[in-house]
Amino acid sequence: MSETRKAAPIRGKAHKYGDNVDTDVIIPARYLNESEPAALAAHCMEDLDPAFARKVGKGDLIVAGRNFGCGSSREHAPLAIKASGVACVVAESFARIFYRNAINIGLAILECPEAAREAQAGDELELDLAAGKVRNLTKGSEHGAKPFPPFMRSIMEAGGLIEYHRERLARK
Amino acid sequence: MGMTMSQKIIAARAGLPAVEAGDLVEAGVDMALGNDITAPVAIREFRRTGAGAVFDRSRVALVPDHFAPNKDIKSAQQCKAMREFALEMGIEHYFEVGEAGIEHALLPERGLVLPGELVIGADSHTCTYGAVGAFSTGVGSTDLAAAMASGSVWLKVPAAIRFRLAGELGGWASGKDLILHIIGMIGVDGALYRSMEFCGPGVAGLSMDERFTIANMAIEAGAKNGIFPVDRATRSWAASVSGRRYAEYEADADAEYEATVDVDLAAVPPTVAFPHLPSNARPIGEAEGVALDQVVIGSCTNGRIEDLRVAASILRGRRVAKGLRCLVFPGTQKIYLQALREGLVEDIVGAGAVFSAPTCGPCLGGHMGILAEGERALSTTNRNFVGRMGHSGSEVYLASPAVAAASAIAGAICDPAKIADPAGGRAAARPRDGRGGER
C-alpha cells in the first residue's frame, strides 16, 4: 500500500500565490451545484487567477503563503486542485479543514514556510514527502518540511480516509 | 495539568481519562451533519466504504439549505440525491424545505445539539454549536462519510486561546460586533487549529442568540471550535428545546491556554469588516458613508429572532433608500412564524425590503441576491472574500443586523445610533409582546 512512499520525489513548476487563499476563490460557490472533479477543475482558482485552469500542467505545484484553504469546508476545493493535475500544494501554513480534506482525499500537501516564502512563480521544485524535504532547483536551496504524524501517514498510505476505513472494516 | 473545556469533551467521547493538545484521537460523534452541497460528495464516499447502513439513524442530520429551494437543475439533482439517501437509510433528521431552514439555526432549535456533545458537520460553520457548550467543528465530506459509516472522527486535540469577557455591550453593539472586533484583533489565522474558549463575567450578559453568532464565526479566525461555558441561560435554553439529558463540562482551574485575551465589552463599538477579509474590522465611525447597492440580513450567523427584531425595530416606519435592495432571510421556518406573530415581517416588508424563505442563498453567492460587477453589499453574514456573494469584482462589508438595517435606510454604511434611539440596541432584541425575555 505504500506506493506513494516509494514513488520518486515530486518534481514540478511552481504557481505562486499569497496569504489566505480561501476556498471561495479556489472553487467559487457558483460551481458547487455539481461535484465531478473534472468539472470543478475547469474553474479551479478562477476568482484569483482566471488563467490558472489553462496554464496549469500535470505535475505542477501550487506554492502559497499562510492559511491556505481558509473559509468553507467544501471538499470541492482540494478535489478541484487534484483534478487540475497539481501534484502537491506547498504553503507556509494550511487552514485546518483544508488540511484534513487534502489528507482524506489523497492530495499531497506540505507545510514548509521557508520554501514557500522563497519560491517564485516558475521555479522548479523537488519534493520528498517521505523525508520532508523541499529543494528549489532553480535557486539551488533546500529546506526541511514539517513531518506528518504517523496516524496521518497511515491514512495517506492507505490512499485516503475511505480506504483506511475499508481496510479496518475488512479486518473486523 | 488540567484540561480546557474542549479537551474534556474530546477526552470523554474518546473514552480517555485525559488528553493533551496535539494528541491524535478517535472520538465518538453525537451528531454528524451534511447539507445539499457537501452531502452528495459524502454519500458518494460513503458508498465506497462498503458500509450498508449509517451507524445510527438518529445521529445523522441532512439539511437542504444552501441551494434550496432548488435554484437550478443541477442543484435539484443534488437535493434529490440527498433526499433519496435519507429515505434509503431511514435517517430521522432529514428536513425537507418547508420544515427546515439554515442548518446551524435549525439543529439547535430542534434540540439536536446539547451541552457536552461532540458534533461534526460537513460545513465550516458547524462551530456554531459551541454556543451551547458543545464541542463542534467543521470537517469535509469524506470525514462526514467516514463518520456516517463508523460513528467516529479523528481529531487532533486543540490547544486553546482564552477570551475573558468583562462588562456589558452598550448602545447598538451586539455579539456580531464583538466577534468582528476579536477577529480584527487576532486575524483570520489568529486561532488557527485552536479552540477559542470564551469565559468571564461578561458571558452572562450575552443572549443565546448572540453566543450562536460569536461561536459561528470562530472559523473566521481559523479556529477549530469556539465554546462558551454552560450557565443559567444555557440550561434554560436547553430545557426549552429538548428533554434529553446532557453533561456539563467546565475547564479545569489549571487548564493551559496558549494565550489569554481580555475584552472589555463596554469598549466594543459597532464594527464593520471591510473587503476582502473578516479581519479587516474597523469601528463604525471609520466606515460611515460607504455607498451600498445591497443589504443582506440573515444567514447562520445572524438570521435568528433577535436579529430580526433588531432589524425590524430600525426599519419600522422608515423606507429603504431608493436604488438599494434590502433582503431579509429568517434562519428557519419557526423563526419565520415567530417574526410573523411579532409583526416583524410587516415592519420589514413595509419598509420596502424583501422577506424570503430560509436559505443560505446569497451568503455564498448561491442565489436570491447575487452581486454584479462593481456592486457593493453590506451583509450580516460571515465572509467577505473576493467573489463571495457574486462577481469577483463585487465587494462585501460585514456587520450586525442593526448596522445593516440602518445602512439600508441611509443607502450607505450608517451608525444605527444616528437613526434610532442611541441606547436602544439591547431593548430592541427583546420580544415585541412586552413580556421581556430570557436574556
Side-chain angles (χ1 to χ4, degrees), chain A residues 19-26 28-37 39-40 46-48 50 65-68 70-79 92-106 149-152 154-155 160-170, chain B residues 22 24 26 37-38 40-42 44-46 48-51 66-67 71-78 121-126 137-143 145-146 149-150 154 156 158 187-189 192-193 219-220 222-224 276-277 279 363-366 370 383 385-388 390 392:
Chain A
D19 293 339
N20 304 314
V21 174
D22 62 79
T23 56
D24 276 278
V25 296
I26 296 172
R30 58 185 176 274
Y31 303 119
L32 298 185
N33 55 5
E34 62 180 321
S35 61
E36 278 310 312
L40 298 171
E46 190 171 289
D47 282 359
L48 180 63
R66 286 164 52 175
N67 203 24
F68 185 86
C70 62
S72 152
S73 70
R74 61 190 71 162
E75 207 160 286
H76 311 63
L79 283 172
E92 287 184 47
S93 64
F94 290 91
R96 56 161 288 274
I97 305 178
F98 185 92
Y99 184 93
R100 298 182 69 94
N101 286 347
I103 288 170
N104 287 345
I105 69 156
F151 173 76
M152 287 179 200
S154 62
I155 293 177
L161 187 66
I162 296 303
E163 286 72 13
Y164 175 78
H165 273 281
R166 273 167 65 175
E167 284 177 16
R168 287 180 51 183
L169 277 172
Chain B
L24 279 156
E26 191 162 4
I37 288 180
T38 60
V41 178
R44 190 167 73 200
E45 296 303 305
F46 176 85
R48 292 179 53 227
T49 63
H66 278 61
F67 293 165
K71 81 173 178 109
D72 55 22
I73 294 169
K74 286 179 177 175
S75 304
Q77 294 293 132
Q78 296 203 125
D123 186 278
S124 60
H125 293 109
T126 303
T137 190
V139 297
S141 292
T142 298
D143 280 311
S150 70
W154 66 268
K156 189 162 129 185
V188 288
D189 61 353
L192 194 61
Y193 295 101
I219 179 68
E220 310 315 334
K224 185 163 205 146
H276 290 286
L277 285 175
S279 56
C363 168
L364 75 164
I370 307 299
R383 291 193 176 125
F385 301 146
V386 169
R388 173 71 179 178
S392 60

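Throughout, a chain's letter reflects where its sequence line sits, starting with A, and its residues are numbered from 1.
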Less than 4.5 Å to any heavy atom of chain A: does that hold for the side chain of [X], its backbone, both, or neither?
X: B:Ile219; value: side chain
X: B:Ala223; value: backbone
X: B:Ile37; value: both
X: B:Arg383; value: side chain

Can you tell me which of [options] forms the most heavy-atom pairs within a distance under 4.5 Å of chain A?
options: B:Leu277, B:Thr38, B:Leu24, B:Ile73; answer: B:Leu24
options: B:Gly222, B:Gly387, B:Gly138, B:Gly365; answer: B:Gly138
options: B:Asp123, B:Val139, B:Leu364, B:Asp72; answer: B:Val139

Under 4.5 Å from any heavy atom of chain B - which part of [X]:
X: A:Ile155; answer: side chain
X: A:Ser93; answer: side chain
X: A:Leu32; answer: both

Atom NZ of B:Lys71 with >12 non-hydrogen neighbours under 6.0 angstrom =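 Counting neighbours around NZ of B:Lys71, more than 12 heavy atoms of other residues, nucleotides or ligands fall under 6.0 Å, so yes.
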Check step by step if side-chain hydrogen bond (donor to acceptor under 3.5 Å, both in side chains) holds for B:Ser141 and B:Glu45.
-> CA-CA 8 Å; B:Ser141 292; B:Glu45 296 303 305; over 6 Å; no
Under a 4.0 Å N-O cut-off, is there an ion pair linking A:Arg30 with A:Asp47?
->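 A salt bridge links A:Arg30 with A:Asp47.
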Cationic N near anionic O, under 4.0 Å, B:Arg44 to A:Glu36 =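 Counted as a salt bridge, because a side-chain N and a carboxylate O are separated by less than 4.0 Å.
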